[in-house]
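Chain A is the first sequence line, chain B the second, and so forth, proteins listed ahead of strands; every chain is numbered from 1. Just the heavy atoms: all of them, side chains too, but no hydrogens, waters or symmetry mates, feed the values below.
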Amino acid sequence: MLDRYREYKQLNLSEIGTEILQKWGETHAFEQSITLRDGAPAFVFYEGPPSANGMPGIHHVISRTLKDLVCRYKTMQGFQVNRKGGWDTHGLPVELGVEKELGITKEDIGKKISVADYNKKCKEVVMRYKDKWDDITQKMGYWVDLDNPYITFTNDYIETLWWCLSELYKKGLLYESVSIQPYSPAAGTGLSSHELNQPGTYKDVKDTSATVLFKLQDKDKIGLQEIKSDVFLMAWTTTPWTLPSNLGLSVGAHIDYVLVKTYNPYTFELQYVVLAKSLLHAYFKEEVQNSDFENYQPGDKLIPWQMIKQFKGNELEGLRYEQLLPTEASSIEEIHKITPGADPFKIVVADFVTTQDGTGIVHTAPAFGADDFKAGKKNNLGILTLVDKEGKFIDGMGEWSGRYVKDYKDDPHYTDVNIDICVQLKKEGRAFKVEKYEHNYPHCWRTDKPIIYYPLDAWFIKTTAAKERMIELNNTINWKPASTGTGRFGNWLENMVDWNLSRSRFWGTPLPIWRTEDGSEEICIGSVAALNEEIKKAAIALGGDTNKNYLHDGILDLHKPYVDDIILVSKQGKPMKRVADLIDVWFDSGAMPYAQWHYPFENKDSFKNAFPADFIAEGVDQTRGWFYTLHVLATLLFDSVAYKTVVSNGLVLDKNGNKMSKRLGNVVDPFETIEKYGPDATRWYLVTNASPWDSLKFNVEGIKEAQRKFFGTLYNTYQFFVLYANVDGFTCKESYIPIEERPELDQWILSSLNSLVKEVTDNFDKYEPTQAGRAMETFVDEQLSNWYVRLCRRRFWKGEYAHDKISAYQTLYECLETLSKTMAPIAPFFADWLFNNLNDVTAKSPLSSVHHTHFPTPIAEAINTGLEKRMKLAQDASSLILSLRKKVNIKVRQPLQKVFIPALDKEMAENIRMIEEIIKTETNIKEVEILDADNDFIRKKAKANFKTLGKKLGSRMKWAAEKISLFNNAEIEEVQKGGYILNNDEIAAGAEPILLNEEDLDIITDEIPGFEIATNGSLTIALDITLSHQLLMEGAAREFVNRVQNIRKDKDFELTDHIRVEILENDGIQNFIIEFKDYICGEILADSLEFVPHLSNGTSIEVNNNSLTINVTKNSKHGN
RNA sequence: AGAUCCGUAGCUCAGCCUGGUUAGAGCACUACACUGAUAAUGUAGGGGUCCCCAGUUCAAAUCUGGGCGGGUCUACCA
């Protein structure tokens, strides 16, 4: 315990950061913050695991500040908040990094480097920056358990994932199916969406596009019997190589289609074609509509056309057409071999069809597009994959067989098969338009070759089975901001598709499914124990070397390649091998509520007590990532939400609003920022500058501002407090003076303080930390520092250490201490520093950290809104008086006699009376005269109250406002008495009378003849600026005091030093010194003040343009 | 393409839900003042097509519709 409060030379937030951090380490403050809450209700928080294979950036600081402040707040509210850290360690980014580092590609894995060595490397790399992460975590003040984190690559973690998968499997929610995925024929591998989002993968390319004609077979069904020529359906494609695989045509149910009579531009034959009405202009020229068909000559540029009939899309549904490019490989027999019972070559209705471009009829090849696949499945179109995995046409396609659909091999003799296809179609009269078309198309980032969409086997979780339930549960989640939950997330749920889990990679959680070669039998393993048992079973059943390396200790590493070594045995006694897939890393993180506890194998209670989470927070980019996968797994496995509240924070942009990226070189190094400005100012800025979900334009100037404006002011207030508290020995040992026994100013600041506590609590509870922080800023700046302290300064350094002074100390102490608590969640270091600086002297709290204390609760009895309103009035009045002084150039030090304040009503008069003392001292005025409402001194003016009158008057509002603005005092008084009729002159003509009430007017002071006035709303100030001789003398005395104080300061006297003052005699201007001698001596702590005829070493000072020579010396005889 | 957030002073943001009179704050800039809190503070000044258009209304920054611009996410399609 200290006997003096610590005093500082200047504020150094960075130093406070390091100092407090060290203290936290020594006292295990974080651990204590949890153990101290043993037995308290839990507040459950989940840490979204970052990946430690990259450096932390400033955007990590924002989301972690958010998480931390909520956890700290809840801890202070009495909850026990366990915070288990975690690391996301699997996945593609890790693998890509390793490949780059080793200079290999995916194909080399298993060849140039063994899978075991490759995965070993991945494991090394994945924690590469863990130290940096731990470091930033500490330095930014993020309290999270770094000693026992969950790590997704551990066996325990994976085992839980297997358990989850097997549960899903048991429920029939895990299935294998073909899906259409981006695939690179050049690289021979499927690509993840992540890979597709690498910079530069989407390129503008020119492809041969074709508008082709499908011959309608049953035109009779839509009443076209009388048309003798063929009727064609027009469809457009940018990938003609998919046309042989066409199995359907998709139309939009509500799109208007038209039948058009025209000539084919290539064969010049008369044709009837069908396309969307709104796309006519893309194919036909307006000026030749209905023009002369008879005189058309083959080769004419302008081709006549005529609209014959119109249909809705759904009228076309089910119509059949002839296969466009029949080949051996695509005969109906072949189709039935692949998909028995398929019913292709018909028109189907699909919702993805638009009239943006093309013809409004979409060529549908189920193998080569996700939408096509969906439409094919829904309508039983079958599937034809006439292209192999190398990207060339398969056998049985005549001259096209063996030809690559794109130039994948950089073959100098490559000829584009797409063009050949178009040529053939032109010849057959099945092409309507062939042209180069420039569009944006994805490319394989590794080979730079265009990708195709291709059907691949994949494992899925049947999320669609629980769609309704997931939507229902989502409605119970508190989303911040709400729009993300209903919009981005809700929408996503509405359009949910099954979750494709498969990844053909190496470093990840293996799918624990083994199956026989013919696929007839399979097993899904749900635990290591089960696997080991199966290993042994298979070894016995299959004999030989089966699983020989895994018989003793079982399996030791659940990754590839070890799991792939293992062969299990089926019920029928057949060997089973593991399916090749790894699972999506998002499954890893989505299962963290269970896997972090190794549930259900261990820690069943820990899990039960920590599920679901009360709160999680991550960047908005996780909405369809982590937020989604948590939600899916909780719903499917436990029919529960995974989290009750989720805050999605926005992005951190650079100060110009650009996304931060290494490429642009605009990334902000969080280490440097925290080092330079301290963690608190950084956190404060991030929290208060913009709501968490708004994107933040990061600008260090903002941090500097927080530093100066908020922390600087609070620090000054603290310094002020300790300056005097140390002098007077205030240590809170006196008994607490009841609030009602304190001066009004104290009551006021305590009322404001408690209002603040209430506001801050409300906002923290609503997960609105920005509002909470801003409220604290306003309080510290406007109320505590610039009003309370300013007005109370004298109370601290003048007078006896008695009731009034102690009251002031107790009040200011309470403000500072309470603030240290309310700000603790956002600025944990400074708050603890402040708290301990106070508490180390007073020992009011037995706790060693502010973070262990309880968050203040607002004391309702301390809140006096009337008082707060009055004080606002005092502030406004003082501000007006100061502005008037400024206007007439009379400094505050010069006392003035009187100010007039007109009161518009009794209440206002009463309020002014109650604050007149404050106004007087604050503005150095002797008298406040309140002018009653009915005085005839001031001239009043009225303004219409638009709110009340607008409703009554409607369109006559303008007229009334005009009239009211011309009212004189008498008319206004009439209105106030009641019964004033605005349209007296119209009554005779039979108009309804318009009756004005007092509430219909806003009364303001117009002017006070003969005075300088200033107004602000309904408040008016009139200042008497007459300077009497007496006032001038007093002003001079104050001026003199000021000069002496400056001398004291220059001479480095202590505050408490008493002095002697000698003044060189100077006739004429010394009167004020004689007259105000007592006042002056009291102010400057002078034991003597004497005029002397001679002064050898005096200082020259100036008082109101007169020179005086004085000598100030310390009076050593006077004890302190 | 869909969803979502944002657009108010040179910059960062309030206000918008619940329409009302002269649209605010801080920073920056300029001038003046203050000076036992002083690398603090006060007062004043300049600075605005409240992104645009239309509608509703006596009245729109605020409500409705349609655009535009920027960010993000998802999708990528003939």
Side-chain angles (χ1 to χ4, degrees), chain A residues 10-11 182 193 196 202 209 235-239 242 249-250 352-354 356-365 368-372 439-442 453 481 483-484 486-492 495 619-625 650-651 653 655 657-659 688-690 693-697 699 701-702 704-705 708-709 712-713 715-721 723-724 774 777-778 781 785-786 789-790 793 796-797 879 882-887 889 891-893 943-951 953-961 965 1002 1042 1045-1046 1048-1049 1053-1055 1084:
Chain A
Q10 70 170 49
L11 174 65
S193 59
L196 227 46
Y202 279 85
S209 75
W236 176 68
T237 181
T238 56
T239 50
T242 60
L249 292 172
S250 301
F352 61 81
V353 179
T354 67
Q356 291 288 309
D357 43 26
T359 64
I361 300 177
V362 178
H363 147 58
T364 304
F368 302 120
D371 284 336
D372 303 50
H439 62 159
N440 205 244
Y441 198 82
Y453 291 86
S483 58
T484 303
T486 51
R488 187 176 285 197
F489 195 69
N491 224 278
W492 171 248
N495 298 312
V620 67
D621 51 329
Q622 293 296 333
T623 304
R624 290 165 183 184
L651 275 266
L653 310 171
K655 64 179 175 181
N658 299 310
K659 194 180 177 178
T688 57
N689 187 61
W693 33 89
D694 289 338
S695 53
L696 174 84
K697 288 182 190 163
N699 191 344
E701 289 304 314
K704 284 188 201 160
E705 195 178 321
R708 200 170 54 231
K709 193 98 188 107
T713 306
Y715 161 82
N716 271 332
T717 308
Y718 168 79
Q719 282 287 74
F720 173 84
F721 169 78
L723 186 63
Y724 298 108
R774 285 176 181 172
E777 279 175 354
T778 308
D781 186 44
S785 171
N786 278 321
V789 171
R790 202 147 61 90
R793 261 160 31 189
F796 289 90
W797 63 275
S879 164
L882 291 173
S883 78
L884 276 180
R885 274 182 171 275
K886 158 82 186 162
K887 201 166 159 192
N889 229 344
K891 52 181 75 171
V892 181
R893 224 180 273 129
K943 265 187 185 173
N945 180 345
F946 281 71
K947 225 169 193 168
T948 60
L949 278 174
K951 288 200 179 91
L953 299 182
S955 60
R956 300 201 74 185
M957 189 61 224
K958 267 190 188 135
W959 165 84
S965 71
D1002 282 333
N1042 167 252
Q1045 300 288 33
N1046 285 345
R1048 285 181 59 115
K1049 211 166 143 192
F1053 287 2
E1054 289 298 313
L1055 277 176
I1084 62 176

Counting only side-chain heavy atoms from C-beta out, which of U12(B), A39(B), A14(B) sits nearest to Arg774(A)? A14(B)
Check Glu705(A) with Arg708(A), please: is the shortest side-chain N to carboxylate O separation under 4.0 Å? no
Output the distance between atom NZ (Lys704(A)) and atom CG (Asn699(A)), rounded to the nearest 0.5 Å. 8.5 Å
Any donor-acceptor pair, under 3.5 Å, between the side chain of Ser785(A) and the base of A37(B), if you only look at N and O atoms? yes
Looking at CG of Asn1042(A) and CD1 of Ile1084(A), how far apart are the two atoms once the value is rounded to the nearest 0.5 Å? 11.5 Å
Taking atom C1' in both G24(B) and C68(B), compute the distance separating them and give it to the nearest angstrom. 27 Å
For the P atoms, the ones on U64(B) and on C16(B), what distance do you get once it is rounded to whole angstrom? 14 Å
Spacing of Lys709(A) atom NZ relative to A39(B) atom C1', expressed in whole Å: 14 Å
For Glu705(A), report the nucleic acid contact type (base, sugar-phosphate, nothing); a contact means any heavy atom under 4.0 Å. sugar-phosphate
Classify Arg708(A) by what it touches in the nucleic acid, base, sugar-phosphate, or nothing, heavy-atom distance under 4.0 Å. sugar-phosphate
Between C52(B) and U18(B), how far is it from one C1' atom to the other, in whole Å? 26 Å
Please determine, by modelled atom types, if Ser209(A) and Thr238(A) share a side-chain donor-acceptor pair under 3.5 angstrom. no
Distance in Å, Lys709(A) NZ paired with Thr713(A) OG1, rounded so as to fall on 0.5 Å steps: 5.5 Å
Could you tell me how far C6(B) sits from A14(B) if I compare only their P atoms? Round to whole Å. 9 Å
Checking base pairs now: Watson-Crick or wobble, both atom distances under 3.5 Å. What partners A54(B)? U64(B)
Heavy-atom closest contact (Ala365(A) atom, Thr242(A) atom, distance): CB-O, 3.8 Å
When you match Asn1042(A) and Phe489(A) each to their closest nucleotide on RNA chain B, which lands nearer the 5' end? Phe489(A)
Any strand is fair game: report the nucleotide pairing with G46(B) by Watson-Crick or G-U wobble, both distances under 3.5 Å, or none. none
Identity of whatever pairs with A3(B) - Watson-Crick or G-U, under 3.5 angstrom: U72(B)
Measure OH/Tyr715(A) against P/A39(B) and give the value in whole Å, please. 10 Å
Quick one: Glu701(A) CD to U12(B) P, roughly how many Å, whole number? 12 Å
Could you work out which one of G26(B), A14(B), A37(B) sits closest to the side chain of Arg790(A)? A37(B)
Suppose we define a pair by two distances each less than 3.5 Å, Watson-Crick or G-U wobble; what does U41(B) pair with here? A33(B)
Mind listing the closest non-hydrogen atom pair of Ala944(A) and Ala961(A) along with its distance? CB-CA, 4.0 Å
What interatomic distance, in whole Å, is found between C1' of G71(B) and the corresponding atom of A9(B)? 23 Å
Taking only the P atom of each, what is the distance from G45(B) to U8(B) in whole angstrom? 24 Å
Atom pairs under 3.5 Å: protein N/O with N/O of nucleotides 7-9 of chain B:
none

Without swapping roles, check the side chain of Arg790(A) against the backbone of Ser785(A) for a donor-acceptor pair under 3.5 Å. no
P atom, U72(B) versus C13(B): distance in rounded Å? 16 Å
Rounded to the nearest 0.5 Å, what's the gap from CG on Asn786(A) to OG1 on Thr717(A)? Could you check? 8.5 Å
Regarding Gln10(A), tell me which of base, sugar-phosphate or nothing describes its non-hydrogen contacts under 4.0 Å with the strands shown. base
Tell me whether the OP1 or OP2 atom of A37(B) has a side-chain N or O from Tyr724(A) closer than 4.0 Å. yes
Where do Ala235(A) and Leu249(A) come nearest, in terms of heavy atoms and distance? CB-CD2, 4.0 Å
Specify the separation, in whole Å, of atom CZ of Phe368(A) and atom P of C76(B). 17 Å
Rounded to the nearest Å, what distance is computed from the CD atom of residue Gln719(A) to the C1' atom of nucleotide U41(B)? 16 Å
Would you mind classifying the nucleic acid contact of Phe1053(A) as base, sugar-phosphate or nothing, using non-hydrogen atoms under 4.0 angstrom? base
Touch class at under 4.0 angstrom, heavy-atom based, for Thr359(A) against every strand present: nothing
Let's test this: given Watson-Crick or G-U wobble pairing with both distances under 3.5 Å, identify the partner of C16(B). none
Please write out the pairs of protein N or O atoms and N or O atoms of nucleotides 19-22 of chain B separated by less than 3.5 Å, giving the distance to one decimal.
residue, atom, partner, partner atom, Å
U21(B), N3, Ala944(A), O, 3.4
U21(B), N3, Asp1002(A), OD2, 3.2
U21(B), O4, Asp1002(A), OD2, 2.4

From CG of Asn786(A) across to C1' of U38(B) the rounded distance in Å is 13 Å
For U12(B), does OP1 or OP2 lie under 4.0 Å from any side-chain N or O of Asn699(A)? no
Identify the heavy atoms of Met957(A) and Phe946(A) that sit nearest to each other, and give their distance. CE-CD2, 3.6 Å
Round to a whole Å and report the spacing from CD of Glu777(A) to P of C27(B). 11 Å
Would you say the side-chain atoms of Thr364(A) pair up with the backbone N or O of Val362(A), donor to acceptor, closer than 3.5 Å? yes
When you compare U12(B) with G48(B), how far apart are their C1' atoms, in angstrom units rounded to a whole number? 16 Å
Please classify the nucleic acid contact of Lys704(A) as base, sugar-phosphate, or nothing, using heavy-atom distances under 4.0 Å. nothing
Between Phe796(A) and Phe721(A), is the gap from one ring center to the other below 6.0 Å? no
Does A59(B) have a Watson-Crick or wobble partner in any strand here, with both distances under 3.5 angstrom, and which is it? none
Asn689(A) CG to C11(B) C1': how many Å, rounded? 11 Å
Across the strands shown, which category fits Asp781(A) at heavy-atom distances under 4.0 angstrom: base, sugar-phosphate, nothing? nothing
Complement of U22(B), any strand, by Watson-Crick or G-U distances under 3.5 angstrom: none
Pick the closest RNA chain B nucleotide for Thr717(A) and for Arg956(A) by heavy atoms, then say which residue is nearer the 5' end. Thr717(A)
